[in-house]
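One structure below.
Convention: sequence-line order gives letters A, B, ...; per-chain numbering from 1. Quick caveat, the model's predicted, so the values are computed rather than measured.
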Number of protein chains: 2
Amino acid sequence: MTRQPLTTRQPLPTIYHGLDAAAVARLNSLTGQRSLNPGEYLFLQHTPAKSVYVLESGMLMMERSSSTGRRQVMAFMHPGNYIGITHNEHYDFTVSALAKSTVCEIPLKAFVVLQDEVPQLKENVRRIGGNILAHAFDQVFALGQKKAHERVCFLLKQLSDRLPQQRCHSVELIMTRQDIADYLGLTIETVSRAFSKLKQEGLIDVYSAHTIEIRDMAMIEELALAD
Amino acid sequence: MTRQPLTTRQPLPTIYHGLDAAAVARLNSLTGQRSLNPGEYLFLQHTPAKSVYVLESGMLMMERSSSTGRRQVMAFMHPGNYIGITHNEHYDFTVSALAKSTVCEIPLKAFVVLQDEVPQLKENVRRIGGNILAHAFDQVFALGQKKAHERVCFLLKQLSDRLPQQRCHSVELIMTRQDIADYLGLTIETVSRAFSKLKQEGLIDVYSAHTIEIRDMAMIEELALAD
DNA sequence: CGGGACCTTGAAACACCTCAAATATGGTGG
DNA sequence: CCACCATATTTGAGGTGTTTCAAGGTCCCG
C-alpha cells in the first residue's frame, strides 16, 4: 500500500455547492450578516441552537469547556466553513472569533425547511457533516497517537492546506499558543518548545511568533501523518 | 450552570426508528446476514465502501491504523449500532469483531436509493451521524484533556451506559487491554495500573481481567466527565 | 517610550512509557 | 475434569517526554 494521507479529502464543500441561482437567492433571503471582533463569541456552549452560520471572512475557533476550566479546542474555522452542526437543541460547544470576522446567520428553522425543498442543499449539509466527522477522527488519531512535535506538524499541515496553492509555504498563526495547546492537548510551553525544535532542525522558520514558514514541507507532512 | 454531562444524549437512534412496516420490509429485503468470529474483519480500511451494516449481536471495534503500525481505536460497537458512515468511496477505518457477532449487511447503492424514498430513514441516518460526531468530540476531549485514570473511567462509563438499567453495575470488558489502551491513547501497562488504582481506592472491583464491578458510580462518573 | 500580554527558555517534578519478569487466564487435549 | 500451554495481564524498575513552576524576553499598542 502506497503512502497516503489517512483520510483522502475532496475539495471542501460549502452549503452553496451546486445550487442554482434561485436556490441561492432563497438562501440569501433568509440570512443576516453578523460581524465579530477578536475574542467575541458567536454563540456559547449550552445555549439554544437557533441558527447556523457560514463564515465569510476572518477566522473562528470552536471549543468545548468543562466546568473545571479544562478546555479543548475542536477546530479552527476558515471562510466558507459551515458552523452549527449539532444533534441537540443546544450547541455543545462555544464558537468565538480569533480575528475580525463576518458570518452569515441562517435561522435554523427556516434552513431546515429550505433543505426539504432543495435536495442539493440537504446533500451539501450531509457532506459537510461527513467532513467534520473525518476531521474529528483525524484529531482523535493525533491526540491519541502522536507526540508533541508531530501534533504541531499536524496543525501546520492543516493550516497550510487551507492556503491557496503557492510556492512559499508561509503560514499565519492567528491563534495564540494557548489556543494551539488546547487544540493539540498540550501546554503552551510544550508547543513553544516544539516550534523551537522544528526551527532548530531547519524544518520551519519562525519569523515572528505568529508567522511561520515551512521550509521542508515533505518532512512536516511525514511528521504530521506519523506515517 | 448545574453539573451535567458535556453532551446530553438522547436514546440512541437506530436506522429502524419510526419506520412503518412497509419500509422495514423493504429494508429487510435488501439485507443479508453475516456472521463474524472473534478477530474476524467486517471490512478493512482503504477498501471500497460498498455496504453499510447494522450490528445485531456481539461486539465490534472500529480502528484506524497508520502504516507505521500505530493504531487508534475509534469506537466499540454494540447491538443496534449502524456501521459504515463514510464520506469517501473507501472506508477510512477497519471494523473487526471482538466477540462472535452477527450483522445485517445492506448494499450501499440500494440503501441510498431507499433513503430517497423513505425520508424517515434518511432522517435516522442523519441523527446517527450526529451521534457519532458527538461521540468523536467526547473522545477528542478525553484524549486531549484527561489523565490516564480519568480516561479509563470515561470508558467504564460509556460501557455501563450501554447496559440495561440495573442495580449492580457489572461491566464486561470484552476487549483486551491493548484495545482499551489504543482507544484511550495509552499503553496496556498504564491501563492496567489505572484499574489497579481504581480498585485500591474502592471505586471498582476487578473480579477477573474482563469483569469489573463499579462500586462508586458517582465517583466514576465524576472522573469520567472530569467535571 | 512604557506597560501589559504573550511567548520562550530553563530546571525540577511528575505522569506515562519502555523493558523485563512474574502471575493469572482461558482454551485444549488427554 | 484436570493439567498444560499459549496468551493476556499485572507488577516493578528505570527512562523519557510532557508538565509545572519560575524567570526573562519579545511584541504590540497606546
(message) If the threshold is 4.0 Å, N to carboxylate O, is there a salt bridge linking A:E40 and A:R34?
(response) no
(message) I need the CD-P distance between A:Q200 and C:dT9, as an integer number of Å.
(response) 9 Å
(message) Using a 4.0 Å heavy-atom cut-off, does B:L186 contact any base of the nucleic acid, only the sugar-phosphate backbone, or nothing at all?
(response) sugar-phosphate
(message) Side chain of A:T187 only, heavy atoms from C-beta on: which candidate in D:dT19, D:dT11, C:dC16 is closest?
(response) D:dT19
(request) Please check the phosphate of C:dT9 (OP1 and OP2 only) for any side-chain N or O of A:S196 closer than 4.0 Å. (result) yes
(request) Among D:dT10, C:dC16, C:dC7, find the nucleotide with the atom closest to the side chain of A:T176. (result) C:dC7
(message) Is it the case that the base of C:dT18 and the side chain of B:R193 share a donor-acceptor contact (distance under 3.5 Å, atom types as modelled)?
(response) yes
(message) B:L223 and side chain to side chain contact (heavy atoms under 4.5 Å, CB included): which single residue from B:K157, B:R151, B:H149 fits?
(response) B:H149
(request) Starting from the 5' end of DNA chain C, give me the residue, A:K147 or A:R177, whose nearest nucleotide shows up first. (result) A:R177
(request) Return the value, rounded to whole Å, for the distance between atom NZ of B:K146 and atom C1' of D:dT18. (result) 19 Å
(message) From CD of B:E189 over to C1' of D:dG15, roughly how many Å is that when rounded to an integer?
(response) 14 Å
(message) In whole Å, I'd like the distance from the CZ atom of A:R151 to the C1' atom of D:dT19.
(response) 13 Å
(request) Tell me which nucleotide among D:dT19, C:dT9, D:dT9 gets nearest to the side chain of A:T190. (result) D:dT19
(request) Identify, between A:A209 and B:Q178, the residue whose nearest nucleotide on DNA chain D lies closer to the 5' end. (result) B:Q178
(request) Round to the nearest Å and state the distance from B:N37 atom CG to C:dG27 atom P. (result) 13 Å
(request) Look at B:D138 together with B:K146 and state whether they make a salt bridge at an N to O cut-off of under 4.0 Å. (result) no
(message) In this structure, how many angstroms lie between the C1' atom of D:dT7 and the CE atom of B:M175, rounded?
(response) 18 Å
(message) For A:Y183 and A:F154, take the angle between the two ring planes, folded into 0 to 90°, and tell me which bin it lands in: parallel under 30, tilted 30 to 60, perpendicular over 60.
(response) parallel
(request) Whole angstrom is fine here: how far is it from CG in A:L184 over to P in D:dT18? (result) 12 Å
(request) Ignoring the backbone of A:H210, work out which of C:dC7, D:dT18, C:dT9 is nearest its side chain. (result) C:dC7
(message) Rounding to an integer number of Å, can you tell me how far B:I174 CD1 sits from C:dT25 C1'?
(response) 17 Å
(message) Once rounded to the nearest 0.5 Å, what's the spacing between atom CD of A:E221 and atom CG of A:D216?
(response) 9.5 Å
